[in-house]
Amino acid sequence: MDPVLFTIDGTVARITLNRPETYNAMNDALMAGLGDALARVEGDESIRVVIITGTGKAFCSGADLVDMAASFPAAGEPGAAVADRMDRSFHPPIRALADCPVPTIARINGVAAGGGIGLALGCDIAIAARSATFVSTFGPRLGIVPDLGTTWHLAARIGRARALGMAILGDRITADEAAEWGLIWRSVADEDLDREVDDVARRLARVSPDAVYRIRQSVDSAAGHDLSEHLDLERDHQRELIPRNAVSAVAAFVTKTEPEFLPLRTDRS
């Protein structure tokens with residue numbers, strides 16, 4: 001069974017983690033499939049939105065620990081082996097997601113645990129079914145650090161106290177709590193999940209991919225800038241976006257028509 005499914009419906013691509021027997025746990029094959037799917041998005045200008053979700057009861061349960069245990073070397077340093085595997089297999093698709101040329105939606109249909117949190121929060125918009133939960137098992141259960149960007153996202157979104165509480169205690173956080181804290185965009189009734197995700201996807205399909213890409217850059221870099229530096233960054237983005245988007249968008253506003261935006265150009269500087 002293919003560990004990752006990839007489908008396109010009009011301008012919307014759907015990437016589905018497809019290891020339901022392991023609650024969509026991450027192994028080399030799943031991460032390679034995720035990377036391949038994101039590469040297909042990169043190469044197809046007709047795609048304007050990506051939805052990432054999971055098959056079955058879970059979004060993603062994190063790393064496949066059975067697979068990880070089998071990969072520990074009989075001799076040598078297991079830490080070095082895992083670090084090499086992270087660089088080789090796990091980090092490339094997470095970086096590709098962060099650099100995706102179109103907006104991304106996490107459709108969180110069930111538990112997001114361990115590295116599954118990092119994957120969910122790596123998307124631009126995260127929408128969770130009310131029955132979904134978030135649990136960071138790294139520290140209390142494994143004695144390791146949350147990875148795949150989890151600590152970066154937690155610190156940026158919910159503040160030090162809640163980030164440390166999630167990471168150190170490993171408490172299960174409900175979807176409603178995640179939305180209240182600002183961890184995700186929205187929590188909705190389970191039966192409304194598809195309708196909400198589809199509605200957001202339709203809206204994002206009409207947005208300029210260039211603008212989304214640069215908004216993502218601006219938000220993610222804000223903590224590393226002082227105000228003056230960030231004003232310069234915003235100015236530089238506007239310099240590029242005004243001729244590409246705003247001139248025609250203003251004309252559309254005047255004529256009471258919908259603006260039409262170009263695909264994200266390959267030169268993203």
Side-chain angles (χ1 to χ4, degrees), residues 1-8 13-44 47 49-73 77-126 128 132 134-139 141-142 144-154 167 216 220:
M1 188 165 59
D2 194 334
V4 174
L5 305 178
F6 182 83
T7 59
I8 301 175
R14 181 177 291 249
I15 299 172
T16 305
L17 311 183
N18 189 41
R19 300 186 69 218
E21 73 284 358
T22 66
Y23 298 99
N24 302 316
M26 299 168 163
N27 61 6
D28 287 346
L30 184 142
M31 299 308 283
L34 177 59
D36 289 345
L38 290 169
R40 291 177 67 178
V41 172
E42 178 85 27
D44 189 342
I47 296 172
V49 185
V50 174
I51 298 169
I52 298 181
T53 190
T55 299
K57 298 179 179 180
F59 175 76
C60 177
S61 59
D64 187 330
L65 298 184
V66 174
D67 178 74
M68 180 178 290
S71 73
F72 288 157
E77 176 51 57
V82 170
D84 176 71
R85 188 180 185 192
M86 291 173 71
D87 281 337
R88 172 174 40 84
S89 183
F90 282 66
H91 286 171
I94 298 298
R95 288 191 168 104
L97 179 61
D99 198 44
C100 188
V102 297
T104 55
I105 303 171
R107 176 189 176 273
I108 306 169
N109 55 301
V111 66
I117 297 176
L119 176 60
L121 301 187
C123 295
D124 298 316
I125 304 289
F134 301 80
V135 55
S136 180
T137 54
F138 297 90
R141 297 295 298 274
L142 300 175
I144 58 176
V145 173
D147 57 17
L148 300 192
T150 301
T151 54
W152 191 88
H153 288 294
L154 292 182
R216 184 195 299 153
D220 289 345

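Residues: numbered from 1 along the sequence shown.
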Spacing of CZ belonging to F72 relative to CD belonging to E77, to within rounding of 0.5 Å:
10.0 Å
Just to verify, what does T137 make a side-chain hydrogen bond (donor to acceptor under 3.5 Å, both in side chains) with, not counting sequence neighbours?
none
Tabulate below the donor-acceptor pairs under 3.5 Å that side-chain atoms of residues 113-122 make, not counting sequence neighbours, or state none.
none

Residues that D84 engages under side-chain contact (heavy atoms from CB on, under 4.5 Å), provided they are two or more places apart
R88
For P146, enumerate each residue passing the side-chain contact (heavy atoms from CB on, under 4.5 Å) test, keeping only those at least two apart in sequence or located in another chain.
S136, F138, T150, T151, A167
Any side-chain heavy atom of I15 within less than 4.5 Å of one from V50?
yes
Minimum heavy-atom separation for V41 to C100, with atom names?
CG1-SG, 4.1 Å
Does the side-chain contact (heavy atoms from CB on, under 4.5 Å) test come out yes or no for C123 and I52, once each step is laid out?
CA-CA 8 Å; C123 295; I52 298 181; 4.0 Å; yes
Residue pairs involving residues 49-62 (criterion salt bridge (Lys or Arg N to Asp or Glu O under 4.0 Å); sequence neighbours excluded)
none
If every non-hydrogen atom of L34 is compared with every non-hydrogen atom of V4, which pair is closest and at what distance?
N-CG2, 3.7 Å
Full working for side-chain contact (heavy atoms from CB on, under 4.5 Å) between L148 and M26:
CA-CA 11 Å; L148 300 192; M26 299 168 163; 3.5 Å; yes
What residues form a side-chain contact (heavy atoms from CB on, under 4.5 Å) with T22, not counting sequence neighbours?
R19, A25, D64
Looking at every non-hydrogen atom in both residues, tell me the closest pair between P93 and L38 and how far apart they are.
O-CD1, 3.5 Å
Apply the side-chain contact (heavy atoms from CB on, under 4.5 Å) test between T16 and each candidate in T7, D2, T53; give the one that qualifies.
T53
Mind checking side-chain contact (heavy atoms from CB on, under 4.5 Å) for A29 and listing every partner two or more places apart, or none if nothing turns up?
P3, N27
Tell me, which pairs form a salt bridge (Lys or Arg N to Asp or Glu O under 4.0 Å) where one or both residues lie in residues 104-116, sequence neighbours left out?
R107-D194
Would a distance-only check, ignoring hydrogens and angles, find a side-chain to backbone donor-acceptor pair under 3.5 Å from N18 to M1?
no
What pairs with D147 under side-chain hydrogen bond (donor to acceptor under 3.5 Å, both in side chains), at least two apart in sequence or on another chain?
none
Residue pairs passing the side chain to side chain donor-acceptor pair (under 3.5 Å) test with at least one member in residues 112-126, sequence neighbours excluded, are T104-D124, D124-R216
Heavy-atom side-chain contact between F6 and R40 under 4.5 Å
yes
Close side-chain approach of L17 and L30, heavy atoms under 4.5 Å:
yes
Residue pairs meeting salt bridge (Lys or Arg N to Asp or Glu O under 4.0 Å), one or both in residues 24-33, sequence neighbours left out, come to D28-R85
Do F59 and N24 have side-chain heavy atoms sitting under 4.5 Å apart?
no
Kindly give the heavy-atom pair with the smallest separation between I47 and V102, and that separation in Å.
O-CG1, 3.3 Å
Sorted by chain and number, sequence neighbours left out, salt bridge (charged side-chain N to carboxylate O under 4.0 Å, His left out) with D36 holds for none
